[in-house]
There are 2 protein chains.
Amino acid sequence: MTTIKDVAKYAEVSVATVSRVLNDRGYASAEARRRVLDAIEELNYQPNSVARSLYHKTSGMIGLFMPDITNPFFPELARAVEDVALEAGYTVVFCNTDEEEAKEKRYFDALKQKYVDGIILTASSQSASDYAQWDMPIVALDRVIGKHIPTVASDNKNGARQATIHLAERGCSFIAHLKGPAGVRPADDRAAGFEEVVKEKGLRSVVVQTNFSIKEAEQETLKLLADHPDIDGIFAASDVTAAGAMQALAQTGRSVPGDVKVIGFDGIPLCNMLVPSLTTVQQSIYQMGEKAAQLLIQQIEHGESESREHIFPVSLIIRETT
Amino acid sequence: MTTIKDVAKYAEVSVATVSRVLNDRGYASAEARRRVLDAIEELNYQPNSVARSLYHKTSGMIGLFMPDITNPFFPELARAVEDVALEAGYTVVFCNTDEEEAKEKRYFDALKQKYVDGIILTASSQSASDYAQWDMPIVALDRVIGKHIPTVASDNKNGARQATIHLAERGCSFIAHLKGPAGVRPADDRAAGFEEVVKEKGLRSVVVQTNFSIKEAEQETLKLLADHPDIDGIFAASDVTAAGAMQALAQTGRSVPGDVKVIGFDGIPLCNMLVPSLTTVQQSIYQMGEKAAQLLIQQIEHGESESREHIFPVSLIIRETT
DNA sequence: TTGAAAGCGCTAACAC
DNA sequence: GTGTTAGCGCTTTCAA
């Protein structure tokens, strides 16, 4: 490995001079500059970023904390973050937290010791506690985790309202909501939006809670249909959950959208792969990831970011299930 | 930030002693040890890994290069890698390469300067060239990239054989293969397995090439069906492609599996979400990721790994599309 | 305009 | 057993 010393020797200048031309800081005569540049070229020198980190206490790395990359909502988000990071010269450290605070903490400690510059956090639910004390640039993604932390999220409540209204307009009069996990903010917001519209329109309704897994959604839907055979609309808190519901519907011999209309939430690619294709509330997933990364980098490089909450609008995408 | 010096001062010993008890190396009296431990506790000291990296020229990080996390085959792989890495005390740097050699190279340079300890590589197709010269522990995942590099992959050819035989046994006599991108090794192997069986059994067949995107698969299938209306079986090179084919089939009013039987490859969660659910050749995705990470870490910590190729068996999962 | 040298936090000879 | 010290590779005063 060739170091700055090698370059200095080769160029017959001091390491200080090499450092100066490397960073375009301070003086360096045209002559010296040329010799250094030549030496760098010749020796194929690349500055060692660990040494730089040690001095500057920054690393050019950002941490990306998400519950589980295996949940199809997250890959696109991750991709967006990574794209922006790469462009800005950062590198992304990838951390699946499984919503466990312990894992989050563990990763945080590890990353802090590596001088990670900031973190994008799709936080675990319960721990709204002490991210502020983490003392590091943080941006919350998809989930609001506190007043002092910049947040990027969708307008979940409004999306849920649109979904429910849509179902009602399509003639549904008894609508079930497959709610996401308790304590997860977007799930709660969606449920709230649903309840609002149901009340406003005086619809019959029922809410059951599921996690975001397809299998559980299927089971819960089966139970639901047994208890309430006259349900004619389902608003699922995620597209995956909706897919589970559709399985249950097919199993019990119901046609979609004939007997029961279904709408999901998220707008992941899955929607188009289902037959019938799934009506959903589309989030601007990639853009949210982008925005989060931009906010974080801005915060890292220029200190505090101006605004705190970035709520992205959602849009109803009508497909075959309604 | 509290450093080793602070600890030394507080414990009234030298930094060397602190370092010794920290790393359990060399001597330290019970008394000294106790005082140091107390000081660490008291000051909430955490060793700085950047400083350690600078000395040891290692970082406790591994790079994970994959084409695109957005392709549903990869998240589970990534998850497995990350799980093993975390367990072993490593941290994963996440790199989407888009199959572009330039991006790969760029990332590689960046990571090398950070003293990344090794790389797991789902390589871009064309560049079988010079990974060996990268001079860093590498494990190839999903794609074979050269004799000298340990590889973890599925038995693609055999899986394709099983798929094709299965279609034949189900009575298909004119089978189309939606092949993956040219030059991507697994795609070629699957096509080869398909061709073999087709020849052995004297079946009518046709092969068209697609990338792994659903939209293109749908278009290509439509064309295919127009040219060869009597196709009665489709072997898709991936589950996503299969989903595309199913869309086309539905559009042209064909029933699955009645008119045309369909089989995919990969075994991603999508299979169970489709209606009808998709028969596929199941890869041991998580296990492959695990294995790759284990091999890499072993290589990092104990030098060369024993065996070079780890080919995982695949299994036919029969569902409703056949 | 340049170079010597201190220091970022930690490790490991080496001397005591 | 323990402490002193010279690095790891880079940046930045500060004096020349």
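Convention: sequence-line order gives letters A, B, ...; per-chain numbering from 1.
For the pair A/Lys5 and D/dC8, the criterion of a side-chain N or O lying under 4.0 Å from OP1 or OP2 is met. For D/dT12, one of the phosphate oxygens OP1 or OP2 lies less than 4.0 angstrom from a side-chain nitrogen or oxygen of A/Arg25. Dashed line: the shortest gap from a side-chain N or O of A/Lys57 to OP1 or OP2 of C/dG9 is under 4.0 Å.
Evaluation of the side chain to side chain donor-acceptor pair (under 3.5 Å) test over residues 51-63 of chain A, restricted to residues two or more places apart or in two chains, returns A/Asn23-A/Arg52.
There is no side-chain donor-acceptor pair under 3.5 Å between B/Asp38 and B/Tyr10.
Nucleotide C/dG3 holds its P atom 10 Å from the CD atom of A/Glu12, rounded to whole Å. A/Lys114 has its NZ atom 15 Å from the C1' atom of C/dG9, to the nearest Å. Computed from coordinates, the A/Ile4 CD1 to D/dG9 C1' distance equals 8 Å when rounded to whole Å. Whole-Å rounding puts the A/Tyr27 OH to D/dA15 P distance at 17 Å. We find that OH of B/Tyr55 is positioned 9 Å from P of D/dC8, with the value rounded to whole Å.
Comparing atom distances between the A/His56 side chain and each of D/dT12, C/dA4, D/dT5 picks out D/dT12 as nearest. Side-chain proximity of A/Thr3 to the nucleotides D/dG7, D/dG1, D/dC10 is greatest for D/dC10.
Using modelled atom types, one side-chain atom of B/Ser49 and one backbone atom of A/Gln113 make a donor-acceptor pair closer than 3.5 Å. Of the possible donor and acceptor atoms, none in the side chain of B/Asp117 sits under 3.5 Å from a partner among the backbone N and O of B/Ile62. In this structure, the side chain of B/Glu290 does not engage the main chain of B/Val84 through any donor-acceptor pair within 3.5 Å.
The nearest heavy atom of DNA chain D to B/Ala28 and to B/Tyr115 marks one nucleotide each, and the one closer to the 5' end goes with B/Ala28. Positionally, the nearest nucleotide of DNA chain C for A/Ser29 lies more toward the 5' end than for the other of A/Leu54 and A/Ser29.
A salt bridge between A/Asp188 and A/Arg143 is absent, with no side-chain N of the basic residue lying under 4.0 Å from a carboxylate O of the acidic one. A salt bridge links A/Glu31 with A/Arg34: the distance from a Lys NZ or Arg NE/NH1/NH2 to an Asp or Glu carboxylate oxygen falls below 4.0 Å.
A/Asp142 pairs with exactly one of A/Thr122, A/Leu121, A/Ile120, A/Thr151 by the side-chain contact (heavy atoms from CB on, under 4.5 Å) rule, that one being A/Thr122. Checking B/Lys105, B/Arg106, B/Lys112 one by one against B/Asp109, the salt bridge (charged side-chain N to carboxylate O under 4.0 Å, His left out) holds for a single residue, B/Lys105.
The stretch residues 30-53 of chain A touches DNA chain C through A/Ala32, each having a heavy atom within less than 4.0 Å of the strand. For DNA chain C, the residues of residues 16-24 of chain A within the heavy-atom distance limit of 4.0 Å (strictly under) are A/Ala16, A/Thr17, A/Arg20, sorted by number.
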